There are 2 protein chains.
Amino acid sequence: MTRYTTVMVAHTVLLDFTVPSGQIMDVDKRANLKANITNVLKEHFIGLKHLTESMVDGSLIILFTGPRGSIITVRGYAEGLVTINIEYYKQDDEEALLSFESARDLETALQAATSATRSHSLTPIKRGGPFERYFPTADERLLEYDIDKLVFEARSPYQKVQIVHSKSLGNMLILDELQNMSEADLIYTETLMQRGKENYEGKEIVILGGGDGGLLWELLKENPKHVTMLEIDDIVMKACSQYMRSVCGDCLDKRKTAKYEIIVGDCVKALSHMIEEGRQFDYVFGDLTDIPISTTPHGDAWDFIRLILNSSMKVLKPTGKYMTHGNGASCPESLKMYEEVLSQLSVPVKFTKDSAFIPSFFEDWIFYQVSLK
Amino acid sequence: MTRYTTVMVAHTVLLDFTVPSGQIMDVDKRANLKANITNVLKEHFIGLKHLTESMVDGSLIILFTGPRGSIITVRGYAEGLVTINIEYYKQDDEEALLSFESARDLETALQAATSATRSHSLTPIKRGGPFERYFPTADERLLEYDIDKLVFEARSPYQKVQIVHSKSLGNMLILDELQNMSEADLIYTETLMQRGKENYEGKEIVILGGGDGGLLWELLKENPKHVTMLEIDDIVMKACSQYMRSVCGDCLDKRKTAKYEIIVGDCVKALSHMIEEGRQFDYVFGDLTDIPISTTPHGDAWDFIRLILNSSMKVLKPTGKYMTHGNGASCPESLKMYEEVLSQLSVPVKFTKDSAFIPSFFEDWIFYQVSLK
């Protein structure tokens, strides 16, 4: 095991201990528990000082100060849980006050001192610094990525756009602090477009969103007649064109060629316009972010999804297909909800599904292929 | 996004805000910052009360109490970082006081109130409860797994043995709170044994460790002459035999058949004995845990690795191979160190490498194939 270097950040080390609830509730036992914890902390932290102590809603809280400006918060819950949080500011190149290994040693000592039936310690959580390294999965679990560099950052009129570098995944597009697409995610685009199963040669295609350029780039390799891409955020395209070139090639460099056109604007409006004109396509791709970005007013995210689906069906040829990403396999409720929306569109549709493990999502993702009944 | 249900645990919500350091250092600005933060917290937490406040090594610390016994710790570091930790005990089936979504709303409000140039919020960290859900990667990053059940737990003479259930990975073997092997990891065993590249038919094989039974089970499918497995921890084998049956089949049910023998004991001693007897094998597998478990005294982990390697070379036929797992691709220093150890064995060796993405490790893992020069 090796530690990876980090820039200046605060470290928060979280330990927890399951103890008999009597140890917190009973006055004498609580005094004993406090003394035992304090003794262990004193052994591990030179110059430990008691700062303050309270009882809050039947739970005990003690604050200590330790070396290097560390604050150690001990909380004893009446339910039988002791949490210990150690937080300090770690300068660049400075040795950690508490590494994961030494936190585990401290955990072992405290486990014995508290007679805990269970104990856990987490690798130090890094706070602040120039880039985010924690992103949630679809089911809101915490993942720490091996980010080592902020490559690009700008606030567009629509969202915060960042490109960060991951040691294992290459550059990653982050929108409003949520993970979007990495250079290791070709499988995402290939599953979205059902490469090898769908024939795009000579076909007319619309992409809703798709600002990273990955889908456009891969579709162009299949010799379609024409692709129209409707993306609202110019900043995303400029960032990807420069820093995600292994994903989008040079397709975002130009906005119009004989083979494709990128229209910078709200896809809801552009779709309305296409419906008015009676245009029809072989494929419409829903490649928008999960959290809707549009100048068109809409209620919750599901209303927006419904609006996009109903509009898309109106510009599909009778033999056409609407291709989109669903959600993580870890979110069966969301997937079910999406399928309910599909069953209640203004025109009857049928759908097939496919899934793939997306490297930068660290989970299986579900993709839908919708066609008119 | 959907929340996955959890049992009774404390929730710790971590927010952080990068601010100009003057906001902490300057007395007037600090008073202003405090007032702004307090106002936002009051809006979000009904009944917020100021508990205590201190300056520690130039950093500000304020404690508030909030609803449902929550403690809110605000820390302002002179370096220009404000961390806010919100911790409370969440009963089973109780709505979270702060979901990831509402934590992000709070973050947005506090970001404006503190004029922060950067802010982050993490999905709530769950503390306590009957099972661990956070495990580190090889490079000590934090991963939250989708664990929903403790399946087995026992303390053997050597280690804490747990089997937990992951929604996406199936059952997982956890040794001393470290992730070991899941039911989704057949690729681990196949890469370790180089399935399709090595021919095991009629061969004599030793496995050092291998308590999960996965390697033995897969090797037996290739019709070897005989496999001897040397595993110290009977509890691991019994647990896997019962709860990881998709990994080990029925091979751990018996300790001796015509095709294999499982010797419960220290592999270092067994290897010495084999050397004394002059036994020779076609393959020796190093399938031990990363943190050595042995009754034989040894210095650090590298001394143990060296001892195992030197002993193994002595029981290899001249054409034999030593097959083992290395480390995560995220740990190039450890891999380099391992290769240095290989280059300094008591007999000269050469090696090849292979790698595979291991689902339950969430990273690429490196495997070595070592042979005598």
Side-chain angles (χ1 to χ4, degrees), chain A residues 1-4 8-10 12 14 16 18 51-52 54 56-59 61 63 65 68-69 71 73 75 77 79 81 83 85 87 89 100 104 118 120 122-123 125 127-128 130 132 134 136-146 167-168 177 290 329-331 333-334 357 359 362-364, chain B residues 1-4 8-10 12 14 16 18 51-52 54 56-59 61 63 65 68-69 71 73 75 77 79 81 83 85 87 89 100 104 118 120 122-123 125 127-128 130 132 134 136-146 167-168 177 290 329-331 333-334 357 359 362-364:
Chain A
M1 301 256 177
T2 50
R3 251 144 266 128
Y4 76 118
M8 276 172 34
V9 285
T12 303
L14 303 176
D16 51 73
T18 302
L51 187 65
T52 183
S54 279
V56 173
D57 276 8
S59 83
I61 174 132
L63 250 70
T65 62
R68 288 164 55 184
I71 298 270
T73 314
R75 188 144 185 216
Y77 293 91
E79 287 85 353
L81 178 70
T83 61
N85 306 351
E87 192 178 309
Y89 202 88
F100 181 49
R104 279 176 69 110
R118 239 165 240 295
H120 299 309
L122 267 55
T123 61
I125 292 170
R127 323 276 296 269
E132 179 60 324
Y134 301 93
T137 59
D139 59 342
E140 296 188 357
R141 286 177 289 115
L142 184 69
L143 298 181
E144 181 179 356
Y145 286 67
D146 55 352
K167 290 196 226 178
S168 55
E177 313 274 329
D290 291 336
S330 61
C331 295
E333 304 85 358
S334 289
F357 182 86
F362 292 96
E363 59 180 321
D364 284 325
Chain B
M1 300 255 178
T2 50
R3 252 145 265 127
Y4 76 118
M8 278 173 33
V9 285
T12 303
L14 303 176
D16 51 76
T18 303
L51 188 65
T52 183
S54 279
V56 173
D57 276 10
S59 83
I61 174 134
L63 249 69
T65 61
R68 288 164 56 182
I71 297 271
T73 314
R75 188 146 185 213
Y77 292 92
E79 288 84 354
L81 179 70
T83 60
N85 306 350
E87 193 178 308
Y89 201 89
F100 181 48
R104 279 175 70 111
R118 238 165 240 295
H120 300 307
L122 267 54
T123 61
I125 292 170
R127 323 275 297 269
E132 180 60 324
Y134 301 95
T137 59
D139 58 343
E140 294 187 359
R141 285 178 289 116
L142 185 69
L143 299 181
E144 181 179 355
Y145 286 67
D146 56 352
K167 290 195 225 178
S168 57
E177 313 274 326
D290 291 337
S330 60
C331 295
E333 306 84 357
S334 289
F357 183 86
F362 292 94
E363 61 180 321
D364 285 325

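All values below come from the heavy atoms of this structure, side chains included, with hydrogens, waters and symmetry mates left out. Quick caveat, the model's predicted, so the values are computed rather than measured.
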Exercise. Would you say P136(B) and F100(A) make side-chain contact, with heavy atoms under 4.5 Å?
Worked result: yes
Problem set entry | Most contacts with chain B, counted as non-hydrogen pairs under 4.5 angstrom, among V56(A), I71(A), T73(A), T65(A) | I71(A)
Exercise. Considering only heavy atoms from C-beta outward, does the side chain of T52(B) approach that of S54(A) to under 4.5 Å?
Worked result: no
Exercise. Going through the distances and angles, do T83(A) and T12(B) end up as a side-chain contact (heavy atoms from CB on, under 4.5 Å)?
Worked result: CA-CA 10 Å; T83(A) 61; T12(B) 303; 5.7 Å; no
Exercise. Can you list the residues that meet the side-chain hydrogen bond (donor to acceptor under 3.5 Å, both in side chains) rule with Y77(B), with sequence neighbours excluded?
Worked result: E87(A), R75(B)
Exercise. Which bit of L51(B) comes within less than 4.5 Å of chain A, counting heavy atoms only: side chain, backbone, both or neither?
Worked result: side chain
Seminar exercise, completed: Comparing E79(B), R104(B), E177(B) against chain A, the one with the most heavy-atom pairs below 4.5 Å turns out to be E79(B)
For this session: Decide side-chain contact (heavy atoms from CB on, under 4.5 Å) for L122(B) and E132(A); before the verdict, give the C-alpha distance in whole Å, the side-chain angles of both, and the deciding distance to 0.1 Å.
Result: CA-CA 10 Å; L122(B) 267 54; E132(A) 179 60 324; 4.1 Å; yes
For this session: With rounding to the nearest 0.5 Å, note down the distance linking OG in S168(B) to CZ in F357(A).
Result: 8.5 Å
Exercise. Which atom names give the shortest non-hydrogen contact between R141(A) and E144(B), and what distance separates them?
Worked result: NH1-O, 2.8 Å
Exercise. Side chain, backbone, both or neither: which part of A329(A) has a heavy atom under 4.5 Å from chain B?
Worked result: neither
For this session: Name the region of Y134(B), side chain, backbone, both or neither, that has any atom closer than 4.5 Å to a heavy atom of chain A.
Result: side chain
Problem set entry | Steps toward side-chain contact (heavy atoms from CB on, under 4.5 Å) verdict (I125(B), I125(A)) | CA-CA 11 Å; I125(B) 292 170; I125(A) 292 170; 3.2 Å; yes
For this session: Grab the two heavy atoms, one from R127(A) and one from L81(B), that are nearest each other, plus how far apart they are.
Result: O-CD2, 3.6 Å
Problem set entry | Winner by heavy-atom pair count (cut-off under 4.5 Å) against chain B, out of L143(A), L142(A), N85(A), D57(A) | L142(A)
For this session: Name all residues meeting the side-chain hydrogen bond (donor to acceptor under 3.5 Å, both in side chains) criterion together with R118(A); count only those two or more places apart in sequence or in a different chain, and write none if there are none.
Result: E153(B)
Exercise. For I61(A), is it the side chain, the backbone, both, or neither that has a heavy atom closer than 4.5 Å to a heavy atom of chain B?
Worked result: side chain
Exercise. Which bit of L14(A) is near chain B, if near means a heavy-atom gap under 4.5 Å: side chain, backbone, both or neither?
Worked result: both
For this session: Identify the two heavy atoms, one from G128(A) and one from T18(B), that lie closest to each other, and give their separation to 0.1 Å.
Result: CA-OG1, 4.5 Å
